[in-house]
Chemist: 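One structure coming up, written as structure tokens, with questions to follow.
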Amino acid sequence: MTAEEYYQRGNQYRKEGNWQQALNNYLEAIALDPDSPAVHAKEMLVNILNYYCKDMYNP
């Protein structure tokens, strides 16, 4: 598969809410093409996964 195909498949997994598969595909795309748009997509996904709001846990 090409970097673009991995990127597109990662986007599909992200839309389905399958975060780990999306991340894995983005990493494959980045390994094949370090300038792939998957770099930005991975950063956004990591930010989403690392988001923490104390108010959500202490209503």
Chemist: Search all heavy atoms of Leu32 against all heavy atoms of Met1 and return the closest pair with its distance.
Modeler: CD1-O, 3.5 Å
Chemist: Do Tyr7 and Leu27 share a hydrophobic cluster, counting only Ile, Leu, Val, Met, Phe, Trp and Tyr and linking them when any side-chain heavy atoms are less than 4.5 Å apart?
Modeler: yes
Chemist: Do Glu4 and Gln8 get their side chains close enough for a donor-acceptor pair, meaning under 3.5 Å?
Modeler: yes
Chemist: Measuring from Leu23:CG to Arg14:CZ, what's the distance to the nearest 0.5 Å?
Modeler: 12.5 Å
Chemist: Give the minimum heavy-atom separation between Glu5 and Thr2, together with the two atoms involved.
Modeler: OE1-N, 2.8 Å
Chemist: When rounded to the nearest 0.5 angstrom, what is the spacing between CD in Glu43 and NE2 in His40?
Modeler: 7.0 Å
Chemist: For a 4.5 angstrom cut-off between non-hydrogen side-chain atoms, does Tyr26 reach Tyr6?
Modeler: no
Chemist: Within the 4.5 Å heavy-atom criterion, are Leu49 and Trp19 side-chain neighbours or not?
Modeler: yes
Chemist: Regarding Gln20 and Asn24, do their side chains bring together a donor and an acceptor under 3.5 Å, going by distance alone?
Modeler: yes
Chemist: Taking all non-hydrogen atoms of both residues, which atom of Ala29 and which atom of Ala3 are closest, and how far apart?
Modeler: CB-O, 3.3 Å
Chemist: For Ala22 versus Leu45, what's the shortest heavy-atom pair and its separation?
Modeler: CB-CD2, 4.0 Å
